[in-house]
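Labels below follow one simple rule: chain letters A, B, ... track the order of the sequence lines, proteins then strands, and each chain is numbered from 1.
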Amino acid sequence: MIRALPANFFARDPRRVARALLGKLLVRRRGKIRLVGRIVEVEAYLGWGDAAAHAAAGITARNRVLFGPPGRAYVYFIYGVHHCLNVSCQPEGKAGCVLIRALEPVEGLAEMARARGLPLPAVPAGPASSRWLRQLTSGPARLCAAFGITRARDNGRDLTSRSSRLQLADDGYRPQPILATPRIGIRKAAGRRLRFVIAGNAFLSGR
DNA sequence: ATATCGATTATCT
DNA sequence: GATAATCGATATG
C-alpha cells in the first residue's frame, strides 16, 4: 500500500520536511509504465537567512514556485546542461524547499537506463551490476534524467494530487539512522549541515 | 586513487 | 559579463 503525501506534509520548515522525506518514494506514472525510486539523500533550502537558497534574493520569475503553495515541483536548469528537482515547502507566501539529491531505484529500471542513455547490464545481478545501478539515480541531475523531469514539463506541478503523474509517496518504510552533513556544491553558507542522508546507503551521490 | 576541465544556457548584476 | 544546488570524460599519481 503506497499513499501520496498530502500538501500539509510540506507546509512546514524545510529541515523537518527533508528528514521526513528520507525513505519516501518518488513515483512517475506514464501510461502503463511506472518509475519508482526511494529517496536516500536530500538538502534543505530555507526561505529566509539562507544565502545558498534560490529564494534568498526574493521572488523572481524563476523561483516563484518557492513562494507558492506547498508540495509543488520546483525544477531549475543548471550549468546549461542539467535539471534538478525540489519540492516547495512552507505555507503559501513563505518560501523554502527540499532538493532531491539521490534515489535508490525500485521499479522501472530499464526505462530509467534508457532515459539516462546507459546500456542494459550484461549481468543482471552481483557486484558488477551494483555500479550500474548506482549510475541510474545517484545525483540530482541523474535522477531528473532518469525520470524525464524537466522545467518545461514539471515546474510548478502539484506532487500531492491523486491524479498527478509525478508524486511523492509513503509505503511505510522508515529509514534509520539519518545523518546530517554540509550541502554539496555551494559556496555560500557552506558550513550549514542541511544535507540529510540515510547513513551507509549505497545510492548516495558522489564518492 | 584524486584532480581538473568542458559542456551550454537561464538568470541576475 | 559572470555565475551556477552537476556530470562525465580525461589526465595524472
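With 3.5 Å as the limit, one finds a donor-acceptor pair spanning the side chains of A:R101 and A:S205.
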- Determine, step by step, whether A:D170 and A:L5 satisfy the side-chain contact (heavy atoms from CB on, under 4.5 Å) criterion, reporting the C-alpha distance in whole Å, the side-chain angles of both residues, the deciding distance to 0.1 Å, and the verdict. CA-CA 7 Å; A:D170 185 0; A:L5 297 170; 3.9 Å; yes
- Task: Show your working on side-chain contact (heavy atoms from CB on, under 4.5 Å) between A:L168 and A:K24 and close with a plain yes or no.
- Result: CA-CA 7 Å; A:L168 292 164; A:K24 301 299 189 291; 5.7 Å; no
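As a whole-Å value, the separation of A:I59 CD1 from B:dC12 P is 11 Å. What separates CD1 of A:I100 from C1' of C:dT6 is a distance of 16 Å, to the nearest Å. The separation between A:R64 atom CZ and B:dA10 atom P is 16 Å, rounded to whole Å. In this structure, A:N155 places its CG atom 15 Å from C1' of C:dA5, rounding to the nearest Å. When the C1' atom of B:dG6 is taken as reference, atom OH of A:Y79 falls 13 Å away, rounded to whole Å. The separation between A:I78 atom CD1 and B:dA7 atom C1' is 13 Å, rounded to whole Å.
Listed by residue number, the members of residues 45-58 of chain A with any heavy atom below 4.0 angstrom from DNA chain C are A:Y45, A:A52, A:H54. Listed in residue order, the members of residues 179-203 of chain A having a heavy atom less than 4.0 Å from DNA chain B come to none.
Note on A:I178: it does not cluster hydrophobically with A:I184, by side-chain heavy-atom contacts below 4.5 Å among ILVMFWY residues. The cluster map of Ile, Leu, Val, Met, Phe, Trp and Tyr, joined by side-chain heavy atoms under 4.5 Å apart, puts A:V40 and A:I100 in the same cluster. Transitive grouping of hydrophobic side chains (ILVMFWY, heavy atoms separated by less than 4.5 Å) brings A:L204 and A:L133 into a common cluster.
Remark: the A:Y76 side chain and the C:dA4 base include no donor-acceptor N/O pair separated by less than 3.5 Å.
Grouped by direct or indirect side-chain proximity (heavy atoms under 4.5 Å, Ile/Leu/Val/Met/Phe/Trp/Tyr only), A:Y76 sits with A:Y45, A:I59, A:V65, A:L66, A:F67, A:Y74, A:I78, A:Y79, A:L99, A:I186.
Between A:I2 and A:V36, the closest side-chain pair of non-hydrogen atoms is not below 4.5 Å.
Nearest heavy atoms, A:R19 versus A:A180: NH2-CB, 4.2 Å. Taking every heavy atom of both residues into account, A:E92 and A:P70 meet most closely at N-CD, 4.1 Å. When all heavy atoms are compared, the tightest approach of A:D154 to A:G148 is OD2-O, 3.8 Å. Minimum interatomic distance between A:F196 and A:A18 (heavy atoms only, all atoms of both residues): CD1-CB, 3.6 Å.
Within 4.0 Å of A:F77, counting heavy atoms only, lie sugar-phosphate atoms of the nucleic acid but no base atom.
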In residues 7-14 of chain A, what donor-acceptor pairs under 3.5 Å come from side-chain atoms, sequence neighbours left out?
{"residue": "A:R12", "atom": "NE", "partner": "A:F9", "partner atom": "O", "Å": "2.7"}
{"residue": "A:R12", "atom": "NH2", "partner": "A:F9", "partner atom": "O", "Å": "3.3"}
{"residue": "A:D13", "atom": "OD1", "partner": "A:R15", "partner atom": "N", "Å": "2.7"}
{"residue": "A:D13", "atom": "OD1", "partner": "A:R15", "partner atom": "NE", "Å": "3.0"}
{"residue": "A:D13", "atom": "OD2", "partner": "A:R15", "partner atom": "NH2", "Å": "2.9"}

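Paired regions of DNA chain C, where each region holds three or more successive Watson-Crick or G-U pairs whose two hydrogen-bonding distances fall under 3.5 Å, are B:1-7 with C:6-12, B:9-12 with C:1-4.
Nearest-nucleotide positions on DNA chain B for A:G80 and A:R151 put A:G80 closer to the 5' end.
The side chain of A:R62 lies closest to B:dT11 when the candidates are B:dA7, C:dT6, B:dT11. In the set B:dC12, B:dA7, C:dA5, the nucleotide with an atom closest to the side chain of A:T60 is B:dC12.
Not a single donor-acceptor pair under 3.5 Å links the side chain of A:N86 to the backbone N or O of A:C97.
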- Let me have a per-nucleotide readout for nucleotides 7-13 of chain C, 5' to 3', with B, S or -, counting only protein heavy atoms under 4.0 Å. SS-----
